[in-house]
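Treat the numbers as computed from the prediction; the structure is a model and nothing was measured. Note on naming: letters A, B, ... go to the chains in the order of the sequence lines (proteins, then strands), and numbering restarts at 1 for each one.
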Protein chains: 2
Amino acid sequence: MAGTRDHDGHRAAPTLHDVARLAGVSIKTVSEVVNRTGRVAAATTSRVDSAVRALGYQPNLSARRLRTGTTGVIGLAVPELSMSGYFNELSALVVRAAGERGLTVLIEETGGTREGELRALRGPRRSVMDGLLLSAVALEEPDVPEPATLAPTVVLGERRLGAVLDHVTFGNEEAARLVTEHLLQLGRRRILVLAGDPTRSATAARRLAGHRRALHAAGVAPSPELVRPVGTWDHAAGYAQVRAACREALEFDAVFAMNDSLALGGLRALHDEGRDVPGAVAVAGIDDVVDARYAHPRLTTADPHREVLADLAVRTLAERITHPRRPAVVHEVAAELRVRGSTSAAAEHAPV
Amino acid sequence: MAGTRDHDGHRAAPTLHDVARLAGVSIKTVSEVVNRTGRVAAATTSRVDSAVRALGYQPNLSARRLRTGTTGVIGLAVPELSMSGYFNELSALVVRAAGERGLTVLIEETGGTREGELRALRGPRRSVMDGLLLSAVALEEPDVPEPATLAPTVVLGERRLGAVLDHVTFGNEEAARLVTEHLLQLGRRRILVLAGDPTRSATAARRLAGHRRALHAAGVAPSPELVRPVGTWDHAAGYAQVRAACREALEFDAVFAMNDSLALGGLRALHDEGRDVPGAVAVAGIDDVVDARYAHPRLTTADPHREVLADLAVRTLAERITHPRRPAVVHEVAAELRVRGSTSAAAEHAPV
DNA sequence: ATGAAAGCGCTAACAT
DNA sequence: ATGTTAGCGCTTTCAT
């Protein structure tokens, strides 16, 4: 019989013990066979293997973790898994990249707050994971616990948590600069900015900085009234702000959104207001989300190369897990401008 | 000193023992204080609490699980977390709903294959989770292990895994019927169907059945050439099939896509082909993805009420975890038609 | 009200 | 080549 029944008639999962008894060997031998470690005689191995199959034995990862500190589970903490957009796509890619390395991903939302990020960084959930990928937006350097205390951690996004932790970052400032430069080159001078709060989000701060730098380089004075704050970085916020700007008769000939969701919301608002895109208003975002490529018109944006980023992040974390004492590394992935129909009518009819 | 240093100078996480020593009590007392269980004197409690804070103690969930079989981690196994679309939004909602109940979500991709789903159902990862939410598309009833063997499991999607497991399903057939009826009422008779493989996906089979039922009820004969197979249910596939249909000069006055990603891809293809939507071709999908509401024109679709679904799923699983022996339950969430501009020009200018 | 100790399933010294 | 056993951190009976 596979396993033992508890008083309820419920069957407990078979353990090494059960397998050992069935195969007539010691549990150590079973452990070695299961993990393909140590040298076990071929005959014994196959006997154990069939016992494993007969019982449907599966190692208990909690027990293994308790003993060895390893589970094959890594954590991914993001501000929030909104319905659509960057973190959603990123986590899909992280799950994929992790899966390719035999790792499973535990997803946590931090809400983008200091408390949430601290909870991810040192909360009890850490004890089931081998390492953590943290998309930090609120955490400040002094919050980071003494490195020796910290289990393997890789920070995603702006480098802000000191030189102690590995970082995989994306050129946020560069991306915003590229997009803004592109709009300026098209002759646009009144660029509406859909901007996250730079005091609460490092990403927002970097992107705003890049935008300003491009304006400055082109000799265009920044107009405070063109910067429209958004709380959440989603379609609804982009729609609301652009719609409001139109109603207020604010003059603008371009929209630079800090991400594609905002841009797509803004695009929709412009349709509803009857403004021609890109004729009257050019629109661009950052992220190169899938839906950007299928919008009407297609959305010009900066591609952060999320696949590269996700793969690099998982690889860096895997490295850190196997080599906890190596010095911290920093990887930066460059952004790439994708010009499409929302800024250039010519680009709209190029091949997909 | 917080914790002990290992030979490497690396600091081990503090344990109940460390806290007990610092507070001058036994580890049992500490355990009771940490879990707010049993009656401990107020003075002792506060002494322990400050020791916990001083050391930054965090319970080791692997050890707890080993002892009690509980971690606060649940699994979510989906066919695949594509870049955008249904499962993406669903998992975001599940993570949210789980978070509200203090649960964390371990995400797994099954690839939509029998092996992948079996792996999720009985693989070693189960030993770190309290329960599993399984979006089964390939698994057949006989694959399901004897229920007594199985840890808490709730199946999402079509009811196909017998009466043994809890199911939270969505009215797939109903949804497809609603959408098709709507298109027929508009006078459309040549409906192009972007259809997943009904032999490989139960969802596809149900949706196709609903579509056919609506056709039949309206006395419209189904035309095999109008059913275009798609491998993946994403934008690219929808784009490719609609584009191909146009090039082949296939006549159609509507597109019914089995999900919104396909529909949005198709919509883009129609733009590129210069077909008027909804004038020449009406387009509708299923899922009510965020981007459907911001597409141009806005996409008519069937809303599966994902929030309700996600919440119900998590709640059902939580119930199952606390009451393993209760009889299995089935919940079905009804679909709701959302008429928008992609089928009705009038609807396009209604309030968002 | 608090403490001592067993044992969850596993790995890895240490024995044989 | 295989077996015995300690102990990872925790909860929980059983004593006190």
Undergrad: Quickly work out the B:R64 CZ to C:dG7 C1' distance and round it to whole Å.
TA: 17 Å
Undergrad: If you look only at pairs with a residue in residues 102-112 of chain B, which of them pass as a side-chain hydrogen bond (donor to acceptor under 3.5 Å, both in side chains), with sequence neighbours excluded?
TA: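 side-chain hydrogen bond (donor to acceptor under 3.5 Å, both in side chains) check on residues 102-112 of chain B returns A:R96-B:E109, A:R125-B:T104.
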Undergrad: Below 4.0 angstrom from OP1 or OP2 of D:dG3, is there any side-chain N or O of A:S26?
TA: yes
Undergrad: What is the distance from CZ of A:R21 to C1' of D:dG3, rounded to the nearest Å?
TA: 16 Å
Undergrad: Output the rounded distance in Å from CG (B:D18) to P (D:dG9).
TA: 8 Å
Undergrad: Can you tell me which nucleotide in D:dA6, D:dC10, D:dT11 comes closest to the side chain of A:R67?
TA: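 Looking only at heavy atoms from C-beta outward on A:R67, the closest nucleotide is D:dA6.
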Undergrad: Can you tell me if the side-chain N/O atoms of A:N60 get under 4.0 Å from OP1 or OP2 in C:dC8?
TA: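 No, outside the criterion.
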Undergrad: Run the side chain to side chain contact (heavy atoms under 4.5 Å, CB included) test against A:T68 and tell me which residues pass, sequence neighbours left out.
TA: A:R64, A:T70
Undergrad: With distance as the sole criterion, is a donor-acceptor pair present between the side chains of A:S62 and B:R67 under 3.5 Å?
TA: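 Absent: no donor and acceptor within the cut-off.
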Undergrad: Counting only side-chain N and O atoms of B:T44, is one of them less than 4.0 Å from OP1 or OP2 of C:dA1?
TA: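 Result: no.
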Undergrad: Using whole Å, report how far NE2 of B:H17 lies from P of D:dC8.
TA: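 Rounded to whole Å, this separation is 9 Å.
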Undergrad: Please give, in whole Å, the distance from C:dC8 P to A:Q58 CD?
TA: 20 Å
Undergrad: Are B:V73 and B:R65 packed together at the side-chain level, in the sense that at least one heavy-atom pair is separated by less than 4.5 angstrom?
TA: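 Contact flag for B:V73/B:R65 side chains = no.
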Undergrad: Given A:D311 and A:R101, is the side-chain contact (heavy atoms from CB on, under 4.5 Å) satisfied, shown in steps?
TA: CA-CA 10 Å; A:D311 193 72; A:R101 287 178 177 70; 3.6 Å; yes
Undergrad: Using a heavy-atom cut-off of under 4.0 Å over every strand shown, decide if A:T37 touches base, sugar-phosphate, or nothing.
TA: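 The answer is nothing, as A:T37 stays clear of every strand by at least 4.0 Å.
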Undergrad: Closer than 4.0 angstrom, basic N to acidic O: yes or no for A:R114 and A:E140?
TA: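 No.
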Undergrad: Decide yes or no for A:D18 and A:L16: does some side-chain heavy atom of the first lie under 4.5 Å from some side-chain heavy atom of the second?
TA: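 A side-chain contact under 4.5 Å is absent here.
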Undergrad: What integer distance in Å separates A:D130:CG from D:dC8:P?
TA: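 To the nearest whole Å, that distance equals 19 Å.
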Undergrad: Looking at B:T29, does any N or O in its side chain come under 4.0 Å of the phosphate oxygens OP1/OP2 on C:dT2?
TA: no
Undergrad: Output the rounded distance in Å from CZ (B:R126) to P (C:dG9).
TA: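 Result: 17 Å.
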Undergrad: Taking the side chain of A:I27 as heavy atoms from C-beta outward, which of C:dG3, C:dC10, D:dT2 is closest to it?
TA: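 Of C:dG3, C:dC10, D:dT2, C:dC10 is nearest to the side chain of A:I27.
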Undergrad: If I take atom CG in residue A:L61 and atom C1' in nucleotide C:dC8, what distance separates them, rounded to the nearest angstrom?
TA: 15 Å
Undergrad: DNA chain C: B:A41 or B:L66, which has the more 5' nearest nucleotide?
TA: B:A41
Undergrad: Would you tabulate the pairs of protein nitrogen or oxygen atoms and nucleotide nitrogen or oxygen atoms of nucleotides 13-16 of chain D closer than 3.5 angstrom?
TA:
none

